Visitor: 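Here it is, the structure in full.
The structure presented is a predicted model; accordingly, all values stated were derived computationally and were not measured. Residue numbers count from 1 along this sequence.
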Amino acid sequence: MKKCIFFVLINCFVSVMCFAQTQLEMNIKAYEDYKVADAKMSVLYKKVLKTFTNAADKKLLLEAQRAWIKYKETHCKLVANAYEGGSIQPLIYATCLTSITEDRTEELKKLIEEN
């Protein structure tokens, strides 16, 4: 898992570096990428919620999503904490958020397929 996250972060970092010139620009681009991933995931989450007709299932999905959000934020803070005080820290944090959000989007797609 650590190797996977490392390679994803490196890949995203290299991709961002190809277009941005300064650390600030790279940080901004990484947050923009996260916003796009989060918007896609949110749209899909709403679709999944509509597929559940049972109130208990909807409640469980809501609880799962809230727990996932807490996990995402805490995990990415942990990953970025290794760069505490460095100008790259925001980039690492945003890249982590993007990666985990994209993973969650795939999980939500599977829920739609199963229903």
Side-chain angles (χ1 to χ4, degrees):
M1 179 70 169
K2 287 182 181 181
K3 286 183 182 180
C4 180
I5 291 173
F6 175 75
F7 286 115
V8 168
L9 290 174
I10 293 299
N11 186 28
C12 291
F13 179 73
V14 169
S15 297
V16 168
M17 286 192 57
C18 291
F19 301 105
Q21 297 298 313
T22 68
Q23 186 64 55
L24 178 60
E25 290 171 331
M26 290 186 283
N27 294 348
I28 291 169
K29 174 74 170 95
Y31 275 102
E32 288 172 355
D33 290 347
Y34 167 63
K35 287 179 187 178
V36 169
D38 189 57
K40 288 179 183 178
M41 189 268 309
S42 294
V43 167
L44 193 57
Y45 172 79
K46 290 174 186 174
K47 287 182 183 178
V48 173
L49 194 57
K50 289 179 183 178
T51 66
F52 288 113
T53 55
N54 183 328
D57 289 342
K58 286 184 178 190
K59 183 180 177 189
L60 286 172
L61 178 62
L62 178 62
E63 289 176 20
Q65 191 68 9
R66 285 180 179 163
W68 173 81
I69 290 168
K70 184 169 176 70
Y71 163 76
K72 170 188 70 166
E73 292 169 357
T74 305
H75 175 75
C76 290
K77 284 178 186 176
L78 174 65
V79 169
N81 196 47
Y83 303 91
E84 182 72 35
S87 61
I88 196 171
Q89 185 180 17
L91 174 70
I92 298 299
Y93 181 70
T95 303
C96 178
L97 291 174
T98 302
S99 176
I100 289 179
T101 301
E102 289 171 345
D103 291 345
R104 179 65 176 161
T105 301
E106 291 302 314
E107 292 171 359
L108 292 172
K109 285 179 185 178
K110 290 177 186 173
L111 284 176
I112 288 179
E113 293 170 3
E114 293 171 0
N115 286 325

Visitor: Between Asn27 and Ser87 (side chain of the first, backbone of the second, donor and acceptor by atom type, cut-off under 3.5 Å), is there such a pair?
Guide: yes
Visitor: Does any non-hydrogen side-chain atom of Gln65 lie less than 4.5 Å from one of Arg104?
Guide: yes
Visitor: When you compare the side chain of Met41 with that of Trp68, does any pair of heavy atoms fall below 4.5 Å?
Guide: yes
Visitor: Answer yes or no: is there an ion pair linking Arg66 with Glu63, defined by an N-O contact shorter than 4.0 Å?
Guide: no
Visitor: Give the minimum heavy-atom separation between Asp33 and Lys29, together with the two atoms involved.
Guide: OD1-NZ, 2.7 Å
Visitor: Heavy atoms, side chains only, cut-off 4.5 Å: are Lys72 and Asp38 in contact?
Guide: yes
Visitor: So which of Tyr34, Tyr31, Tyr93 actually passes side chain to side chain contact (heavy atoms under 4.5 Å, CB included) with Thr98?
Guide: Tyr34
Visitor: What pair of heavy atoms forms the shortest contact from Leu61 to Leu108, and how long is it?
Guide: CD1-CD2, 4.5 Å
Visitor: Are Ile112 and Leu62 connected into the same hydrophobic cluster when the rule is that any two of I, L, V, M, F, W, Y join if their side-chain heavy atoms are below 4.5 Å apart?
Guide: yes
Visitor: Which atom pair, heavy atoms only, marks the closest approach of Thr105 to Leu44?
Guide: O-CD2, 3.2 Å
Visitor: If you measure from OG1 on Thr101 to CD1 on Ile69, what distance do you get to the nearest 0.5 Å?
Guide: 9.0 Å
Visitor: To the closest 0.5 Å, what do you measure between NZ (Lys77) and CD (Glu84)?
Guide: 11.5 Å
Visitor: For the CD1 atom of Ile88 and the CE atom of Met26, what is their distance to the nearest 0.5 Å?
Guide: 7.0 Å
Visitor: Could you tell me which residues satisfy salt bridge (Lys or Arg N to Asp or Glu O under 4.0 Å) with Glu32, sequence neighbours excluded, listed by chain and number?
Guide: none
Visitor: To check you understand the geometry: which heavy-atom pair defines the closest contact between Ala37 and Glu102, and what is its length?
Guide: CB-CG, 4.1 Å
Visitor: Got a second to check how far Leu91's CG is from Glu25's CD, nearest 0.5 Å?
Guide: 12.5 Å
Visitor: Return each pair, listed once, that meets disulfide bond (SG atoms under 2.5 Å apart) where at least one residue sits in residues 23-92; pairs must be two or more places apart or across chains.
Guide: Cys76-Cys96
Visitor: Could you check whether any side-chain heavy atom of Tyr71 comes within less than 4.5 Å of a side-chain heavy atom of Ile100, counting everything from C-beta outward?
Guide: yes
Visitor: Going by salt bridge (Lys or Arg N to Asp or Glu O under 4.0 Å), name the residues that satisfy it together with Glu106, two or more places apart in sequence or in a different chain.
Guide: Lys109
Visitor: Taking Ser99 for the side chain and Thr95 for the main chain, is one N or O donor matched with an acceptor at less than 3.5 Å?
Guide: no
